[in-house]
Amino acid sequence: MTQPDGTAGPAAHRSRIPLICPRCGREQRVVPGGPGRAVKVVHVGTGREACEPEDLARAPDDGPA
């Protein structure tokens, strides 16, 4: 439902769209930053920014360069 100010309303009423890693295809999440800390995007299963090597081995090729 749209609010009078044009926003989509409370976050609880919006559907969650997962972030998908463009390199390995696994789901990711945003870790908020703070004073002196940058926002990070990490993999849900591992909590790491980097892809797991076995996930990269299964990722589809982008085609010839």
Side-chain angles (χ1 to χ4, degrees):
M1 181 175 190
T2 304
Q3 303 293 319
D5 64 357
T7 61
H13 295 286
R14 287 185 243 154
S15 60
R16 182 177 173 268
I17 299 172
L19 294 173
I20 303 297
C21 178
R23 292 180 296 270
C24 69
R26 299 282 185 176
E27 186 175 355
Q28 296 180 306
R29 65 182 173 91
V30 175
V31 177
R37 278 186 32 192
V39 173
K40 295 191 309 183
V41 178
V42 299
H43 288 81
V44 170
T46 63
R48 295 177 43 195
E49 290 182 87
C51 300
E52 293 296 311
E54 60 271 6
D55 291 339
L56 292 174
R58 290 190 309 232
D61 289 335
D62 290 337

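Contact between A50 and H43 at its shortest, heavy atoms only, is O-ND1, 3.4 Å. Closest of all the heavy-atom pairs between R23 and C51 is NE-SG, 3.6 Å.
Looking at C24 and E52, their side chains never come closer than 4.5 Å, going by heavy atoms from C-beta outward. You'll find the side chain of E49 reaches within 4.5 Å of the side chain of V42, heavy atoms only.
Listed by first then second residue, pairs satisfying salt bridge (Lys or Arg N to Asp or Glu O under 4.0 Å) with a partner in residues 27-47 read R16-E27, not counting sequence neighbours.
The hydrophobic cluster around V30 extends to L19, V39, V41, counting ILVMFWY residues whose side-chain heavy atoms fall within less than 4.5 Å of a member.
Separating the CZ atom in R26 from the SG atom in C21 is a distance of 10.0 Å, to the nearest 0.5 Å.
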